[in-house]
Amino acid sequence: MVPISRGLFADLLAQGEIFQSRDILRPTYTPSKLPHREEQINNLASILVPALRGETPSNVLIYGKTGTGKTAVAKYVGKELEEASFEDMKCVVIYINCEVVDTQYRILAHLARHFDRDIPMTGWPTDQVYAEFRNALDEEKQVVVIMLDEVDKLVRKGDDVLYNLSRVNSDLLRSRVSIIGISNDLKFTEFLDPRVKSSLGEDEIIFPPYDAEQIREILEQRANVAFCSGSLQESVIPLCAAFAAQEHGDARRALDLLRISGELAERARSTVVTEVHVRQARDKIEQDRVEEVIKTLPTQSKLVLYSIILLEEQGTRNITTSAVYNMYKQLCPLVETDFLTHRRITDLIAELDMLGILHTIVISKGRYGRTKEITLSVYSGKLKSILQQDYRLKDLTNVTVPQQARLGL
DNA sequence: AATCCACAGGAAGATTAGGATA
DNA sequence: TATCCTAATCTTCCTGTGGATT
């Protein structure tokens with residue numbers, strides 16, 4: 001047993017010549033230098049300086065698409081601020097991801113706990129938690145910066161927290177609070193209470209997406225540390241950057257792509273990461289994405305997709321909405337489901353198209369009407385097996401194509 | 001040029017699900 | 001726990017349309 005495992009891992013370990021420090025490529029890592037974000041960093045820093053003088057900084061809203069460095073910049077500036085604060089003028093930065101901590105109660109509890117208050121997971125009235133937090137805050141003179149990442153997630157279900165937090169200063173004697181909201185939805189303030197909107201959006205910072213060149217520099221900076229020297233083919237980074245720039249300048253994706261390319265190269269026992277690995281990695285990411293999307297599809301959409309797969313297997317050419325609908329209507333009783341109307345199926349197909357699982361075009365056959373022709377943009381066998389993992393669809397597993405052809409009236 | 005197929009897709013109302021609130 | 005509210009889902013009804021056929 002021991003010799004086997006030693007051999008097994010020794011083998012794999014011997015190949016560890018690609019990565020020097022893989023974690024640097026993970027999205028959770030906050031680098032000490034953020035290229036092409038100097039402007040935003042300075043901006044945010046100058047908004048927050050008053051904190052060091054004991055004054056209240058403006059509240060800030062930070063906007064930008066995913067992977068534009070919002071969180072990294074905010075955390076970085078926050079860290080610097082804490083380090084720069086003096087003994088007699090304490091600055092505290094509290095970071096909260098609202099996607100994880102997503103209710104008024106949890107946020108207040110989280111904040112209170114940060115000041116070593118004991119708050120039970122559940123049970124207390126919300127205003128008691130609020131009072132506890134406020135008291136803890138006011139115990140000593142300090143400026144507290146609360147960073148709310150993904151605030152838009154919070155707004156969807158009531159903006160009471162934001163309202164309460166933006167007003168907390170008037171309840172405080174010694175301390176001051178300022179809020180930094182981070183959102184990837186540019187229009188989310190539209191759903192805010194106007195009072196909250198004006199107090200939260202005293203200042204705004206926009207994070208534009210990176211272009212290919214900027215992503216390249218970011219990748220290079222990290223790759224220098226993350227990879228062993230010479231283990232990257234020259235064209236690898238530009239290629240990753242180009243792919244990511246196509247996908248709306250998301251640096252996180254670019255880093256994922258680079259990391260997965262490296263992992264694939266490692267697994268393939270290659271000592272160098274090549275373009276081939278990058279392309280493989282891109283395909284793998286895409287495949288994982290599709291798999292994830294399909295798994296979380298509502299049952300009706302899965303049935304529609306299944307119908308299309310069956311039609312394709314059956315060799316039907318020019319799959320139209322009606323063909324899909326007929327097939328779908330036959331499948332529904334097999335899984336004991338009510339069937340939806342034609343109109344709705346049209347919408348579901350449009351949604352699948354949006355998700356990039358299907359490809360549809362409207363074609364006109366003149367006298368013989370107008371239809372939407374549907375083609376799968378993913379390999380159907382793979383799709384089928386993913387769909388069959390759904391227990392609600394298990395009765396379809398044995399549905400054979402010829403039988404369907406016979407039923408198709 | 002007029003016709004007309006077979007469906008796309010908009011509008012609006014109905015239903016449902018989930019979540020808050022009393 | 002009942003009830004109320006809202007957003008999402010779904011239906012009904014409808015108008016619009018590209019181009020082969022007449």
Side-chain angles (χ1 to χ4, degrees), chain A residues 98-110 120-130 150-165 183-185 187-197 293-308 311-312 316-333 335-377 387 390-393 408-409:
Chain A
C98 302
E99 198 171 16
V100 186
V101 187
D102 61 351
T103 63
Q104 153 135 279
Y105 185 92
R106 287 194 206 146
I107 286 182
L108 291 174
H110 187 106
M121 289 300 285
T122 166
W124 281 19
T126 310
D127 52 350
Q128 192 180 341
V129 186
Y130 175 76
E150 324 234 358
V151 249
D152 37 333
K153 294 277 155 36
L154 207 60
V155 179
R156 216 154 287 168
K157 282 299 156 197
D159 47 11
D160 294 0
V161 218
L162 295 175
Y163 181 64
N164 290 334
L165 285 179
S183 156
N184 31 40
D185 185 355
K187 310 178 296 181
F188 97 102
T189 46
E190 285 174 17
F191 311 108
L192 281 178
D193 183 311
R195 289 168 300 180
V196 181
K197 187 176 171 181
V293 165
I294 291 175
K295 275 186 186 162
T296 56
L297 237 37
T299 316
Q300 294 290 356
S301 299
K302 285 182 179 170
L303 279 170
V304 172
L305 189 54
Y306 206 95
S307 309
I308 296 166
L311 283 169
E312 182 144 288
T316 312
R317 302 220 319 122
N318 308 337
I319 301 172
T320 63
T321 309
S322 300
V324 175
Y325 188 59
N326 288 333
M327 179 66 81
Y328 159 83
K329 263 211 293 223
Q330 290 164 29
L331 294 187
C332 280
V335 288
E336 286 158 349
T337 317
D338 295 334
F339 56 82
L340 306 175
T341 51
H342 190 285
R343 180 68 188 81
R344 186 86 256 271
I345 299 307
T346 305
D347 281 347
L348 292 184
I349 290 173
E351 277 169 28
L352 291 172
D353 186 11
M354 291 279 287
L355 291 170
I357 302 167
L358 304 177
H359 184 245
T360 66
I361 36 162
V362 182
I363 53 150
S364 177
K365 289 182 290 190
R367 193 92 240 247
Y368 306 106
R370 260 148 74 83
T371 340
K372 212 177 216 183
E373 272 189 5
I374 300 155
T375 39
L376 289 170
S377 40
L387 286 174
D390 189 328
Y391 71 96
R392 284 162 300 193
L393 302 187
L409 304 169

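Proteins get letters first, then strands, A, B, ... in listed order; numbering begins at 1 in each.
The two atoms that bring A:Ile357 and A:Ser377 nearest to each other are O-OG, 2.7 Å, heavy atoms only.
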Nucleotide N/O to protein N/O under 3.5 Å, stretch nucleotides 20-22 of chain C:
{"unit_1": "C:dA20", "atom_1": "O4'", "unit_2": "A:Arg367", "atom_2": "N", "d": "3.4"}

query = Step by step, would you call A:Ser307 with A:Lys329 a side-chain contact (heavy atoms from CB on, under 4.5 Å)?
reply = CA-CA 9 Å; A:Ser307 309; A:Lys329 263 211 293 223; over 6 Å; no

task = Starting from the C-alpha separation in whole Å, work towards a yes-or-no answer on side-chain contact (heavy atoms from CB on, under 4.5 Å) for A:Arg344 and A:Gln300.
result = CA-CA 10 Å; A:Arg344 186 86 256 271; A:Gln300 294 290 356; over 6 Å; no

task = Before giving the answer on side-chain contact (heavy atoms from CB on, under 4.5 Å), spell out for A:Leu358 and A:Leu376 the whole-Å C-alpha distance, their side-chain angles and the decisive distance to 0.1 Å.
result = CA-CA 5 Å; A:Leu358 304 177; A:Leu376 289 170; 3.4 Å; yes

Verdict with reasoning, A:Leu348 to A:Leu340, per side-chain contact (heavy atoms from CB on, under 4.5 Å) = CA-CA 10 Å; A:Leu348 292 184; A:Leu340 306 175; 4.2 Å; yes

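Counting only distance, with no hydrogens or angles, the side chain of A:Ser183 and the backbone of A:Val151 share no donor-acceptor pair below 3.5 Å. With hydrogens and angles disregarded, no donor-acceptor distance shorter than 3.5 Å links the side chain of A:Lys372 to the backbone of A:Ser322. A donor-acceptor contact shorter than 3.5 Å links the side chain of A:Thr316 to the backbone of A:Leu311.
Partner A:Ile374 forms a side-chain contact (heavy atoms from CB on, under 4.5 Å) with one of A:Thr360, A:Thr320, A:Ile361 and no other, that one being A:Thr360. Screening A:Leu305, A:Val304, A:Asp390 for a side-chain contact (heavy atoms from CB on, under 4.5 Å) with A:Leu297, the sole residue that qualifies is A:Leu305.
The stretch residues 340-357 of chain A comes close to DNA chain C through A:Leu340, A:Thr341, A:Arg343, A:Arg344, each having a heavy atom under 4.0 Å from the strand.
Counting to the nearest Å, the C1' atom of B:dT16 and the CG atom of A:Asp338 are 13 Å from each other. The distance from atom CD of A:Gln300 to atom C1' of C:dA8 is 14 Å, rounded to the nearest whole Å. If you measure from atom CD1 of A:Ile363 to atom P of B:dG9, you get 13 Å, rounded to the nearest angstrom.
For the OP1/OP2 pair of B:dC7 and a distance below 4.0 Å, the side-chain nitrogens and oxygens of A:Ser322 include at least one atom meeting the criterion.
End-to-end axis angle of the helix from B:dA1-C:dT22 to B:dA22-C:dT1, using five pairs per end and rounding to 10°, comes to 10°.
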